[in-house]
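These notes are about the structure you will find just below.
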Amino acid sequence: MTAIRLYNTRSRSKEGFTPFDPLDVRLYVCGPTVYDRAHLGNARPVVVFDTLFRLLRHVYGDGHVRYVRNFTDVDDKINATALARHEAGAKGTLEELIHQRTEETIGWYHADMDALGALRPTFEPRATEYIGAMIAMIQGLVDKGHAYEVEGHVLFDVRSYPDYGRLSGRSVDDMIAGARVEVAPYKRDAMDFVLWKPSDASLPGWESPWGRGRPGWHIECSAMSFELLGASFDIHGGGIDLQFPHHENEIAQSCCAHPGSDFARVWMHNEMLLVEGKKMSKSLGNFFTVRELLEQGYPGEVIRFVMLSTHYRKPMDWTAEKAREAEAVLRHWRSLTAGAEPLGPDVEVVDALADDLNGAGAMARLHALAKAIASNPQKDCFYEKGVLLASAQLLGLLEPGMGDWAEGVDLAPLATKLTALREAAMASKDFAPVDALKAALIEAGVEVRMSKAGVELVPGPGFDAAKLGALL
RNA sequence: GGUGGGUUGGCGGAGAGGUUACGCACCGGAUUGCAAAUCCGUGAAGACCGGUUCGAUUCCGGUACCCACCUCCA
């Protein structure tokens with residue numbers, strides 16, 4: 001069996017991966033808050049952990065991996081949108097408008113992530129479906145003396161958990177010293193965080209032992225991972241910005257609620273996405289959505305390729321140049337594997353991925369496999385093509401159904417015309433008409449390939465079918 | 001201020017204590033009516049200063065610079 005090694009944030013080192021149960025490997029990844037379209041930064045963990053999911057399925061078997069990615073559908077930004085719609089005269093109660101907003105956002109999220117070739121996780125729980133489990137967990141923390149109620153809030157007492165700060169390598173005292181936020185006066189300790197907060201009539205709320213209210217942000221992941229994966233599971237993933245406070249708080253809650261359990265054994269964090277060298281973030285306002293990129297003509301497969309070509313633990317700069325290169329490579333690989341059937345993936349590709357998801361290493365191997373096929377045009381390379389195809393598909397690339405962008409339109413009539421003009425020109429020695437048509441085709445983004453064997457037209461980067469109409 | 005990470009050839013971007021990463025670009029060749037595409041091939045690196053070593057870009061220490069987290073964020 002392939003030996004998987006993963007970098008564990010908790011130990012700050014690469015460790016050999018051994019699941020609790022190889023017949024039931026369990027992975028939890030923090031999903032989106034569904035208040036708006038996913039931006040490109042949101043897509044990075046999706047692609048990274050989708051690749052991990054694919055690797056785990058390859059190694060342990062498709063039916064032996066449980067992957068949970070939540071939807072956070074309790075959030076003040078969602079409430080704000082619903083309230084704005086309500087005030088603008090939208091039909092329905094506030095609750096219905098909230099539900100409408102989260103439903104439409106989840107629909108967008110699915111469409112956008114599908115476009116990136118991400119498999120749907122085994123479970124996609126919504127926070128609102130687990131309120132009861134959260135209340136039960138909070139009550140347990142209160143009973144054990146890890147949480148306290150004050151002014152309608154329930155707060156986690158960080159001093160009751162000695163390991164608080166271990167994941168992110170900081171101590172409670174250091175954090176207080178550097179704190180930049182105003183501390184609510186009712187907190188026992190500045191770092192105590194909210195498990196439950198009161199809701200007034202204008203906000204969604206649920207009845208609880210502490211009155212009508214709603215959960216804090218962190219408790220949902222603890223409750224849902226417990227319900228769906230158990231008190232101890234294998235891998236917990238998310239963006240590095242979640243390491244503190246979100247994941248630190250999850251650990252505190254879960255370990256205190258379920259003493260003796262491991263919670264997540266391996267913690268994996270992807271680095272941030274940069275645009276123009278700056279972190280893409282809401283506060284900087286420099287983010288753009290996956291949908292915008294797709295609509296600009298960047299295929300999902302191209303976006304995925306770019307993401308996988310930088311290691312997940314390094315910042316990745318999104319550039320148009322990388323997308324251009326990715327598109328060219330994918331076109332090449334697609335043409336090499338056209339008509340091939342996927343066989344087993346190449347062992348070196350698997351090994352590269354198994355080494356802490358070394359996407360760039362896997363890509364290098366794919367290039368080598370492609371070169372072996374391309375440099376043997378006299379052979380049919382049935383086996384090699386099948387291996388290349390299966391290997392790329394392990395990365396979520398060259399999947400059938402993802403390649404519509406590379407299919408293009410029917411260029412055969414233009415090829416026929418160009419062939420006729422060329423044959424006439426060969427006789428007359430006047431190549432001007434041929435060159436004119438060729439130039440027009442190139443202008444429309446078509447690659448013009450002429451050889452002794454004939455003429456071949458292939459859509460290239462920047463292909464624009466609209467410019468072809470007048471050429472026939 | 002605290003914590004963590006980074007610095008590789010023109011650009012992007014990996015692994016490994018000693019042997020070509022890889023891709024793009026460039027250059028040379030094949031091919032082509034000319035091109036394009038494709039194929040073949042060459043060159044090019046490891047921020048700085050020390051240490052360990054027969055040997056370090058790779059390990060250790062220091063310096064400089066960059067970035068992130070400590071506030072909603074993937």
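Atoms considered below: every heavy atom in the structure, side chains included; atoms not considered: hydrogens, waters and symmetry mates. Residue numbers begin at 1 in each chain, while the letters A, B, ... track the order of the sequences.
Taking only side-chain nitrogens and oxygens, K322(A) never comes nearer than 4.0 Å to OP1 or OP2 of G23(B). Here K314(A) does not reach the OP1 or OP2 of A68(B): none of its side-chain N or O atoms lies under 4.0 Å away.
For an aromatic pair to be called close, the ring centres must be under 6.0 Å apart, and Y186(A) with H153(A) satisfies this. Aromatic ring centres of F156(A) and W196(A) lie farther apart than the 6.0 Å criterion allows.
With rounding to the nearest 0.5 angstrom, the CD atom of E295(A) is 10.0 Å from the CG atom of L293(A). One finds the CG atom of N42(A) at 6.5 Å from the OH atom of Y109(A) (value rounded to the nearest 0.5 Å).
Side chains of D75(A) and T33(A): no donor on one and acceptor on the other come within 3.5 Å. Judged purely by distance below 3.5 Å, without hydrogens or angles, the side chains of Y67(A) and D50(A) never pair a donor atom with an acceptor atom. Side-chain contact check for E423(A) and T419(A): no donor-acceptor pair (N or O, by modelled atom type) lies under 3.5 Å. Side chains of T9(A) and Q243(A): a donor-acceptor N/O pair is absent below 3.5 angstrom, by distance only.
A side-chain contact (heavy atoms from CB on, under 4.5 Å) with L369(A) holds for exactly one of T337(A), L336(A), D346(A); it is D346(A).
If you check U31(B) for Watson-Crick or wobble pairing at under 3.5 angstrom, you find it has no partner at all. Pairing for A56(B) is absent, with no Watson-Crick or G-U wobble pair whose two atom distances lie under 3.5 Å. Under the Watson-Crick or G-U wobble criterion, with both distances below 3.5 Å, C48(B) is paired with G62(B). Judged by Watson-Crick or G-U wobble contacts below 3.5 Å, the nucleotide G9(B) has no partner. Of all nucleotides present, only U3(B) satisfies the Watson-Crick or G-U wobble test against A68(B), with each distance under 3.5 Å.
On a pure distance criterion of 3.5 Å, no polar donor-acceptor pair joins the side chain of H269(A) and the base of A74(B).
Residue E325(A) has its side chain nearest to C24(B) when only C22(B), A14(B), C24(B) are considered. Closest contact between the side chain of A364(A) and the listed nucleotides A74(B), A14(B), A21(B) involves A21(B). Relative to the side chain of Y7(A), the nucleotides G5(B), C72(B), C24(B) differ in distance, and G5(B) lies closest.
Annotation: cation-pi geometry satisfied between R170(A) and F244(A) (NZ/CZ under 6.0 angstrom from ring centroid, within 45° of ring axis). In this structure, R69(A) fails the cation-pi test against F123(A), since its NZ or CZ atom is not both closer than 6.0 Å to the six-membered ring centre and inside 45 degrees of the ring normal.
Comparing A47(B) with U57(B), their C1' atoms are spaced 12 Å from each other, to the whole Å. Comparing G10(B) with A44(B), their C1' atoms are spaced 9 Å from each other, to the whole Å. Annotation: U7(B) and A16(B) have their P atoms spaced 14 Å apart (nearest Å). Going from the P atom of C67(B) to that of C60(B) covers 25 Å, rounded to whole Å. Taking atom C1' in both G5(B) and C11(B), one finds a spacing of 23 Å when rounded to whole Å. Only the P atoms considered, G23(B) is 29 Å distant from G33(B), to the nearest whole Å. Nucleotides G29(B) and C66(B) place their C1' atoms 43 Å apart, quoted to the nearest Å. Remark: the separation of the C1' atoms in G12(B) and A21(B) is 14 Å, to the nearest Å.
Between the CZ atom of R313(A) and the C1' atom of G15(B) there is a distance of 13 Å, rounded to whole Å. The CG atom of L274(A) sits 13 Å away from the C1' atom of A74(B) (whole-angstrom rounding). To the nearest angstrom, C1' of A74(B) lies 5 Å from CG of N42(A). As a whole-Å value, the separation of R44(A) CZ from A68(B) C1' is 13 Å. Protein atom CG of D241(A) is 14 Å distant from nucleotide atom C1' of C67(B), rounded to whole Å. Atom pair R365(A):CZ and A16(B):P shows a separation of 17 Å (rounding to whole Å applied). The CG-C1' distance, from L353(A) to A14(B), rounds to 13 Å in whole Å. For the pair Q243(A) CD and U71(B) C1', the interatomic distance rounds to 16 Å; values are reported in whole Å.
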What string of B, S and - do you get for nucleotides 33-40 of chain B, 5' to 3', if B is base contact, S is sugar-phosphate-only contact and - is no contact with any protein heavy atom under 4.0 Å?
BBBBS-SS

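Note on G169(A): only backbone sugar-phosphate atoms sit closer than 4.0 angstrom, heavy atoms only; bases stay farther off. Residue contacts shown for N358(A) are limited to sugar-phosphate atoms, with no base heavy atom under 4.0 Å away. Using a 4.0 Å heavy-atom criterion, one finds that E456(A) contacts no nucleic acid atom at all. Using a 4.0 Å heavy-atom distance criterion, L273(A) is classed as a base contact.
Looking at L229(A) and R66(A), their side chains come closer than 4.5 Å, going by heavy atoms from C-beta outward.
Of the two residues near RNA chain B, L40(A) and H367(A), the one whose nearest nucleotide lies more 5' is H367(A).
Within residues 290-311 of chain A, the residues having any heavy atom closer than 4.0 Å to RNA chain B are, in order of number, S309(A), T310(A), H311(A).
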